[in-house]
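Accompanying notes for the structure given below.
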Amino acid sequence: MILPGNYVRDLLQQSPGTAATARGWVKTRRDGKNVHFIQLNDGSSPTDLQVVLDEGVVPPEVVARITTGACLSVEGELVASPGKGQAVELKTRKLVVHGAAHPEEYPLQKKKHNLETLRPLGHLRARTNTFGAVFRVRNVLGRAIHKFFQDRGFLYVHTPIISSSDAEGAGSMFQVTTLELDQMARWGKPPDFGQDFFGRRSYLTVSGQLEAEILALAFANVYTFGPTFRAENSNTPRHLAEFYMIEPEMAFCDLNDDQDVAEAFLKNLVEEVFGACRPDLEFLSKWYEPELFKSLESVLGGSFERISYTEAIALLQKAGRNWEFPTNWGADLQSEHERYLTEELFKKPVIVTNYPREIKAFYMRSNNDEKTVAAMDVLVPRIGEIIGGSQREERHDVLLHKIREHAAMGMKEEAYWWYLELRRFGGVEHAGFGLGFERMMMYLTGMKNIRDVIPFPRSPGNAEF
Ligand code: 4AD
Ligand code: MG
């Protein structure tokens, strides 16, 4: 295996004269007079290691197998490189081809590929420069998220993936069952979910929030970081059926504190990724989003704009645009509205608060005006909504009333007994939010389609790999 010190990233930092072994996959091979130049990468670095192979070091039949995509080990000495772009190169003493990649059949030949044609190549696209950069950023982002919360004393908690409650009350869930549905259909029997594995209907979770609230009322500050699932049939560049969400939940916290945490969190994540992934961001900016640095710097620069939903609606009405979707008070903000506010009007992240209660989830705290709830969405340029959160309804009677109101839409009071009971035993004001991990990835990398920031995207009609 490759040990620390022997990644391509590390070898590129070493001084000439060092003995080294490199392992990885061939990006390209170029032949000079009596010499071959091989660009080798193991995924650790945006820069390849140049391997220099003199004629005669390995037999010609081995050289023939060194083609784009082949997997190699190379032993030799790092020497000063006369070429541009690297300080050292590896002069070969010994070379082994572990696995060849037939030059006529290997799909990732040198030319630049567009992202759509790479999507069906989920088993190979991680080896391209683009996905190398994207997935390295993804790794650093994951680490930065844990670091942010761990540094502030938050407890990392695991909430269930299989759940019987609809946390968002939106009804777009994947059902989980072990019943033999096709057999039942053949016998003409309706399924009895009481006989199902969990003795009731169950689903893949849409959010860990409700369970995170339980844990916040024991540990004060907690966060989840895990997969969530939505069966909404929205085939858009911003939606996945399976995505990762980070959900902090904080006791003794109101909507203002919630906004402060969200703002500090996003700023910190941008800063960390800037610090650790600059060469990758430069690559992504060059090929995919010329405004990337400008837009990320706008997060660090000043404070986020904070406006109420009511103010947002007034601004949209004043914009003098032909909106595709309505902008009357009570209508939900659509992507076109969100992007106008953050991209064009304020040109920086915007937090919109206090939405009409009708368009938000049942658990959000009712404001005194009886018309709005203590919700917040964080909008950023290029993406629109990146965070959704709220202060939670902590008053037992108000929450019960709200759940009963939703009964007509299929919400069952009995299913939320524990959520209600939490309000009867040691309740306190609390708030939290959810950051869409892949939305943040799009923001950081400049990728335009959410399917290109996760190794194996799940979307309607698409569960390959
Ligand atoms: O706004 P949402 O639905 O909020 C919640 O789920 C709350 N329970 C969060 C909380 O308060 N603890 O989702 C939160 C974020 C969105 O802002 C968006 O970034 C992302 O999750 N998101 C999606 N990302 C990719 N594909 C989808 N289908 C997404 N749906 C939401
Ligand atoms: Mg939302």
Side-chain angles (χ1 to χ4, degrees), residues 141 145 149 154 157 159 163 165-174 204-216 221-250 253 255 257-259 261-262 265-266 269 309 332-335 337-338 342 349-353 355-356 359-365 373-380 382-393 419 430-444 447 449-454 457-460 462:
L141 181 61
I145 286 164
F149 289 118
F154 282 57
V157 298
T159 49
S163 164
S165 57
D166 180 355
E168 288 303 299
S172 49
M173 298 193 292
F174 289 100
L204 293 179
T205 188
V206 294
S207 156
Q209 179 198 316
L210 305 193
E211 292 89 353
E213 284 184 54
I214 296 181
L215 297 162
N221 292 326
V222 302
Y223 70 104
T224 72
F225 186 170
T228 48
F229 307 86
R230 303 219 175 156
E232 49 204 0
N233 199 3
S234 39
N235 224 331
T236 82
R238 305 191 313 156
H239 288 86
L240 287 167
E242 175 179 298
F243 63 100
Y244 280 74
M245 189 151 50
I246 300 91
E247 296 186 275
E249 191 66 34
M250 297 146 296
C253 178
L255 190 65
D257 303 326
D258 205 25
Q259 293 176 73
V261 176
F265 183 44
L266 290 184
L269 297 183
Y309 166 89
D332 205 358
L333 298 187
Q334 302 295 330
S335 182
H337 308 137
E338 295 174 346
T342 173
V350 178
I351 309 184
V352 182
T353 52
Y355 284 72
I359 57 172
K360 287 289 183 190
F362 74 97
Y363 52 69
M364 296 188 180
R365 192 179 197 280
V373 288
M376 66 156 189
D377 276 5
V378 183
L379 318 177
V380 295
R382 291 188 278 110
I383 311 293
E385 179 191 341
I386 199 163
I387 281 180
S390 64
Q391 187 174 335
R392 321 307 188 187
E393 186 56 77
Y419 194 66
H430 60 289
F433 61 82
L435 169 70
F437 188 60
E438 284 75 21
R439 296 262 176 101
M440 187 64 188
M441 277 296 298
M442 291 174 75
Y443 190 53
L444 289 168
M447 292 284 110
N449 192 310
I450 199 163
R451 294 172 180 85
D452 297 327
V453 297
I454 184 166
R458 298 288 176 255
S459 54
N462 191 359

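Remember, it's 1-based here, ligands and their atoms both numbered in the order they're listed.
Distances below 4.0 Å separate heavy atoms of Arg238 from the following atoms of ligand 1: 25 (C), 26 (N). Ligand 1 places these atoms under 4.0 Å from at least one heavy atom of Arg392: 10 (C), 11 (O), 12 (N). Set against the non-hydrogen atoms of Tyr363, the atoms of ligand 1 under 4.0 Å away are 7 (C), 8 (N). Set against the non-hydrogen atoms of Met245, the atoms of ligand 1 under 4.0 Å away are 6 (O), 13 (O), 14 (C), 15 (C), 21 (O).
Considering backbone and side-chain atoms together, Gly389 places no N or O closer than 3.5 Å to any N or O of ligand 1. Note: no N/O pair closer than 3.5 Å links Glu249 and ligand 1 by distance alone. Taking only nitrogen or oxygen atoms, main chain and side chain alike, Val206 does not reach within less than 3.5 Å of ligand 1.
Between atom 19 (O) of ligand 1 and the options Ile383, Thr224, Ile386, Thr236, the minimum heavy-atom separation is to Ile386.
Under the 3.5 Å distance criterion, the side-chain polar atoms of Glu438 are left unmatched by any main-chain donor or acceptor of Ile450.
Atom 16 (C) of ligand 1 has its closest protein heavy atom at Glu385 OE2, 3.3 Å. Nearest protein heavy-atom neighbour of atom 20 (C) of ligand 1: Gly436 CA, 3.6 Å. Protein heavy atom in closest approach to atom 6 (O) of ligand 1: Arg230 NH2, 2.8 Å. Of all protein heavy atoms, the one closest to atom 15 (C) of ligand 1 is Gly434 O, 3.5 Å. Here the protein heavy atom with the shortest distance to atom 7 (C) of ligand 1 is Glu168 OE2, 3.3 Å. Of the protein's non-hydrogen atoms, Phe243 CE1, 3.5 Å is the one closest to atom 22 (N) of ligand 1. Among protein heavy atoms, atom 9 (C) of ligand 1 sits closest to Glu247 OE2, 3.3 Å. What sits closest to atom 18 (C) of ligand 1 on the protein, heavy atoms only, is Arg439 NH1, 3.5 Å.
Ring-plane geometry between Phe362 and Tyr419 is classed as perpendicular, the angle between the planes exceeding 60 degrees on a 0 to 90 degree scale with a lower cut at 30. Aromatic ring orientation, Phe433 versus Phe265: tilted (interplanar angle from 30° to 60°).
Look at Lys360 and Asp377 and you find a salt bridge, because one of the NZ, NE, NH1 or NH2 atoms lies within 4.0 Å of a carboxylate O, short of that distance.
Nearest heavy atom pair, residue Phe154 against residue Pro248, reads CE2-CB, 4.1 Å.
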